[in-house]
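The structure appears right after this line, and notes come after that.
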Amino acid sequence: MTKPTPSTDRSVELTELADVRRRLTGLHDPAAVLEGLFTYAPVGLQIYDKTGKSVVVNRAFRRIFGSAPPPSYSIFNDEIADRAGMLDAVRRAFAGATVEFGPLWYDPREIEHVAVTDGRRSAVKVVAFPLNDGTGALQYVAMVVTDVTAEFAAAEKLRQTESAYREELELRERRFRALIDHSSDGIALVDPSGFVRYQSPAVTHLLGYSVEEEIGRDALKQVHPDDIPALLEALRELPSRPNGSVRTQYRVRHRNGEWRWVESVATNLLDEPAIGAFVFNYRDITDSKAAADAERRLSEELERRVLERTAQLEAANAELESFSYSISHDLRAPLRSIAGFTRILLLDHAAQLSDEARAYLQRVDDGTRQMSRLIDDLLAFSRLGRQALRRQPIDMTALAQQVVAERSTESDGQRVTATIAELPACDGDPALLRQVVVNIVDNAFKYSRHRENPVVEIGSRIDDGTPVYFVRDNGIGFEMQFASNLFGVFQRLHLSDDYEGVGVGLAIAQRILQRHGGRIWAEAEHDRGATFYWTVGGEE
Amino acid sequence: MTGDQATQILLVEDNPNDVELALYALKRQNIANHIHVVRHGKEALEFLFGSGAYEGRDLESGPRLVLLDLKLPLVNGLDVLRQVKADPRTRAIPIVVLTSSREDRDLQEAYQLGANSYIVKPVDFEQFTDAVRQLGMYWLLLNEAPRS
């Protein structure tokens, strides 16, 4: 047996046909072969007469197109075939040629008013060939129609998918390129040997170079020589860390010769097939670095000034301290002599003195006592600033009661009617806050004692959640315009002849309360009594 | 100056006015008649240790009490205090610091060095004589000195 060889050679086909005729002898009806093959062939078969009218179609044809053409049908009037681009080829077949065409879409849906088929859309490959009579004149044209709808649809779908995919890729590529091209940050790809393989257009506005002159350049070429060691050190581990990245700052020479500070994030994408390089994302930080430097210098300067100022204050404080120290020694000593010898004169020699001399000596004696108190108060006041606060809860009611009780044993105090309300507790230094209450209560006693019925009231109220303590008297009061003088050292609103004291008590009270974070103020009217208010505060 | 009589009180004071007032107060209170006065810290040490100007002084003869000012020329009071309290021969002598300083740091240091009392000289003369009387009474009359 010879192996059948597929061939389109016409002579081979004729030989094969002759062979069929020769072999199929003795049949009752040789045409039955043709009829059977025609009927059952899986390809569509159609025969036109020479005017183009469909003479006969087989089953496969009806399956492909949904129905047989109506009697009125002529291929030359078939708009669908015309639209599908079939007619040229069909005409050539009617002119006597064997033509093959397709695949093409025979799509009746495009012309809905033509009831040619049931409307199925088919892709077909067609072979059309003439059938002649004995004289060689054309009688019929036969068409062999292969339905390739499934393959064709698949191929077309594939084509569409591919095209859509290509478009998507192009879109993405364009999008990323646009991002890179318009990014204000520069992006460079540097190959493992240190040469620039890609440079984004941002390099031009960042550093003045064109992309072309950058490509292939040694990546370190424009880096400031002083910054190269640190940069290399920072990048040292990067090659062994796939996808790792390092942030660095260094200077790069601009095309105009200036040094620009850049911050750069280098990422190892050597293993990324699409990249295969180190990616440097960099931006110009010259201005922000200059601003940060200026800010740092400013804050250093401020810090320096604060230190200086603190040192000055500490020096002043130390000076003040040694001043108070020498006051306590040096001023007291001569005063003690004056007081001592004056007393000796008055004690031992009074008999030899005139009344006038004794009166004068008495004044010297009073003067020394007053000066002694003055020095003590001044020292006490200066000590306040240095003493550490020891805060603890204080029962203010008990404290006020104690202070008033102490006053009541004095002759002046016995006359004063003092009332003490329940007072809220507070946190503070017990010794210092006691001094505050003593000074304020003393003040109230002192300035109300000339009244017929001196009354001192100690109470409290709450202002914005903060306890406000007060001491109210019905004494001589003062003019509010002088209220700000009340709390200064040695400030007095009344003649010292009338009221003893040197005028430090309220200043001390204010200093103590300020150190606690509280404050003190007063309200009064001349001859109508005064009220002193204070808060203790929470923090120093 | 180094009489045969036992010295009851050594007064270390550079200010002549304060010396006079102290002596007045002590006499007035009839506390002590035998008071030796030195004017600076160096002299105080020489007296107490029987050296220098006081070479050969019998240390057994007193004093029974030292009244010591802190602010002294040459050797200051705290140094005197330190040396007296560091020496076994003089350690037992009560030392009363008599000063015009109210500074905490002086008081703290004086007590740390072994001062037996610390009196701030009051400006008020009555208070001063009262203080002198009390400390004299206590240290000379009531306090039993340890036998050496």
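Just so we're on the same page: letters track the sequence lines, and every chain starts at 1.
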Review point. Taking everything shown except B/Lys85 itself, do over 12 heavy atoms lie less than 6.0 Å from its NZ?
Key: yes
Point to revise | A/Gln352, CD atom: more than 12 neighbouring heavy atoms under 6.0 Å | key: yes
**Study point:** CD (A/Glu308) with more than 12 external heavy atoms under 6.0 Å
**Key:** yes
Practice item. Tell me, yes or no, whether the heavy-atom count around A/Tyr360 atom OH, taken from other residues, nucleotides or ligands under 6.0 Å, exceeds 12. Key: no
Practice item. Output the distance between atom OH (B/Tyr24) and atom CZ (A/Arg343), rounded to the nearest 0.5 Å. Key: 10.0 Å
Revision key, fill the gap. Correct closest heavy-atom pair for A/Ala333 and B/Asn15 would be CB-ND2, 3.8 Å
Point to revise | Closest approach of A/Arg332 to B/Lys121 (non-hydrogen atoms, all atoms of both residues) | key: CD-O, 4.2 Å
Exercise for review: Return yes when atom CZ of A/Arg363 has more than 12 non-hydrogen atoms of other residues, nucleotides or ligands closer than 6.0 Å, and no otherwise.
Suggested key: no
Exercise for review: Tell me, with the steps shown, if B/Asn17 and A/Arg336 meet side chain to side chain contact (heavy atoms under 4.5 Å, CB included).
Suggested key: CA-CA 9 Å; B/Asn17 290 331; A/Arg336 202 163 43 240; over 6 Å; no
Exercise for review: Please name the pair of heavy atoms, one in B/Asp18 and one in A/Ser337, separated by the smallest distance, quoted to 0.1 Å.
Suggested key: OD1-OG, 4.4 Å
Study note, to complete from the structure: Counting heavy-atom pairs under 4.5 angstrom with chain B, the leader among A/Leu335, A/Thr342, A/Asp348 is A/Asp348
Review point. Looking at A/Ile344, A/Leu347, A/Thr368, which one has more heavy-atom pairs under 4.5 Å with chain B than the rest?
Key: A/Ile344
Review point. Checking side chain to side chain contact (heavy atoms under 4.5 Å, CB included) for the pair A/Phe341/B/Glu20: CA distance, chi angles, key distance, verdict?
Key: CA-CA 9 Å; A/Phe341 292 115; B/Glu20 192 127 345; 3.9 Å; yes
